[in-house]
Amino acid sequence: MTDAAMEISGVTRNDRFTRGSKLVDALSKAGLAFAILAVMAYGSLVSPAFFTSGNLLNVLTSMSIVGIVVVGMTFVLVVGGLADLSVPATIACGAILSLGLQPMIGPLPAFVLAVGLAGLIGLINGVLVGYVGINPIIATLGIGTIGLGIVQAAVGGVIVYGSNPASAEFAKGRLFGIPVVVLIFLAIALIGHFVLSRSFWGRWTLATGGNYSAAEASAVPVQAVKAGAFVITALASGISGGLLGLTLQSARPLIGAGYEFSAITAVVVGGVSIIGGFGSVPRAIAGLIFVQLLTNVMVLDGVRTPIQGFVLGILIVGAVGMDAALRKRGVA
Amino acid sequence: MRFLALASRHRVVIILGLTLIISALVVPGYFSASTLGLGLDRAATIGLIAIGLTVLLISGQIDLSGGAVFALAGIVSVILQREIGILPAAIVGILVGAVAGAINGGLVVGLKVNSLVLTLATMLIFRSLAHWITNSQPVTGTDIMLSLALAKIYLDVFTIRSALFIILIVLLHVWLTRTIPGRNVFAVGSNPAAAKESGIASDRIVFLGFVFAGTLAGLAGVLQSLVTNTGSPVFGSELTVAVIAAVVVGGTRLEGGRGSALGTLGGVLTIGSLTIAMEFQSVPAYVQQVVSGLILILLVVLDRAVTTKGRAPGTRPALISDNPITQGGKA
């Protein structure tokens, strides 16, 4: 039963890839690599600080925090779940609880519990989207609002501070000269890539996003697969939030604001289709690298924060519009 | 199930009734004219944006950028007061809303992308613009007395803002139920392909729907800025969920093709009374957000439960498959 489903969904996926979209695929991949090189060249021209190891390490660290969310968000987009807007709530949940619960149950259990509760928010999103069939953006917007409100109410709307220096040392520390946060991101990205491209769950995710009815007819548990994408994103955001909290040693309720847009931008700029059924973790991470380098160059160039948000918005519109246009030609 | 369907159909009346009873219990003198007038004035902001969103939702689209347009239009109308005077500045502010709506509509129709995703991106763009031109600082207007004049209560209940809201919602009701363009909006929302075959210019209706929604969000923002004599880039960030909740309480479906102006009126009054009641009990803002989020999710689930009836179990949820814009990208 399962074998048959895998085989059929595998065929569906191959079909989509071989029919015309190979050229588009190659073009968009090369395009992104070119864009990354161009930003790096521009960065090194406008600012002498760009190519210093300190700056690049900073970019890498901040990239890692968003990157963990990006891995999850890739699943949401590929499965055809449009976007997860509850990310600020799940990040806040991870950050606030992993700091706030430290005095009571110790740093590691606090972290695990925080990530678990973030996952619970994701489970509610997943049930609403996958099983009840509610529009993902509306569901995650509503659940995100509720979740953030509850987290704020739980701590009385104040800032939470860390109380365990050892955990802070660990989060800010390095292993073989590489920041721990970066290593955790790489591990999660590798797992995410393996699951999406090599495992049965990944094939189901691609099949569900590519053609829901066909996947369902092929005995893919489409509802669970769709729900799973939101649980994965919430767990990832919880981890990301926990690490963010441990690094900063303080967590505001709005600590995660804006991360949903950064993650969505990275994923769509990486060429993952907003319609679903197509995309991979490395593509999303390439998009992330481009966006992060661009932001970094803008910061070094003295461009103010609002303009950065403006550019992110334009990038999303451009990437989504290009995706729609390319899809129409490639997979007619 | 039958009971659910019945409850769902008359939910505006039920929910509004319940809210009014609860409000009357927790707020002494709730039904006095001054309290009602205050509540109506507060609801008018949500209401004006909700009018635009009602039309958009009926036509099968959505606009998440309303809150950001609200802030941007208000800021423009305040900043320009020194340069060109109060009234022209207000008009320019409303025009900013219309232009923002035209950008949304043009991109949705032109690129054939999902309006949820697109207006999410433009929301970020408009909000960033608002921060950009104000340096993230609130701006103040020239005439403080004007805000007092605008806040004045006529006939014991109405402010200019709430009167405008009531008039517009009645006009919308007449337009949606009595005119051909109004009926075309329903046709486009319930079955865009069929509407096109019948000679209705779907794209134009969708585009104009976005312009309408943008204009009303702009109008609401300009009025808010004139009443408070300030424009702030953070205005309206909590409005998105409240406005969608208000429209959905009123029985307008996210799937398109169904909705009414009077329903939206009921939804707006419900959210307005809830806000007043909670503010009176000094419930923190984040708890109020939890409440509007809960109302939204519960009602959307209820809608789902009622409409899924009769469909074979496990068939594809309608919202994504039937959305013309999602389909447009694929076909």
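We name chains A, B, ... by the order of the sequence lines, and we start the count at 1 in each one. Remember, predicted model here, so these are calculated numbers, not experimental data.
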- Task: Can you measure from CD1 (Ile137(A)) to CG (Leu64(B)) and round to the nearest 0.5 angstrom?
- Result: 6.5 Å

- Grab the two heavy atoms, one from Ser128(B) and one from Gly309(A), that are nearest each other, plus how far apart they are. OG-C, 3.2 Å

- Message: What's the separation between atom CG in Leu120(B) and atom CD in Glu260(A), rounded to the nearest 0.5 Å?
- Response: 7.5 Å

- Message: How long is the straight-line distance from CD1 of Ile138(A) back to CD1 of Ile297(B), given to the nearest 0.5 Å?
- Response: 8.5 Å

- Leu315(A) versus chain B, the contacting section by heavy-atom distance below 4.5 Å: neither

- Message: For Ile133(B), which atoms come within 4.5 Å of any heavy atom of chain A: side chain, backbone, both, or neither?
- Response: neither

- Is it the side chain or the backbone of Phe261(A) that comes within 4.5 Å of chain B heavy atoms, both, or neither? side chain

- Which one of Ala153(A), Gly258(A), Gly144(A) has the most heavy-atom pairs closer than 4.5 Å to chain B? Ala153(A)

- Message: Return the CG to CG distance between Leu141(A) and Leu296(B), rounded to the nearest 0.5 Å.
- Response: 7.5 Å

- Query: When heavy-atom pairs shorter than 4.5 Å are enumerated against chain B, which of Leu312(A), Val311(A), Ile307(A) gives the highest number?
  - Reply: Ile307(A)

- Which atoms of Ile295(B) come close to chain A, meaning under 4.5 Å heavy atom to heavy atom: side chain ones, backbone ones, both, or neither? neither

- Mind checking what makes salt bridge (Lys or Arg N to Asp or Glu O under 4.0 Å) contact with Asp301(A), not counting sequence neighbours? none

- For Leu128(A), is it the side chain, the backbone, both, or neither that has a heavy atom closer than 4.5 Å to a heavy atom of chain B? side chain

- Message: The criterion is side-chain hydrogen bond (donor to acceptor under 3.5 Å, both in side chains); which residues satisfy it with Asn296(A), sequence neighbours excluded?
- Response: Asn55(A)

- Message: Within this structure, what is the OG1-CD distance for the pair Thr145(A) and Gln288(B), rounded to the nearest 0.5 Å?
- Response: 13.0 Å

- Relative to chain A, which segment of Thr240(B) carries a heavy atom at a distance below 4.5 Å: side chain, backbone, both, or neither? side chain

- Task: Please state whether the side chain, the backbone, both or neither of Leu294(B) comes within less than 4.5 Å of a heavy atom of chain A.
- Result: both

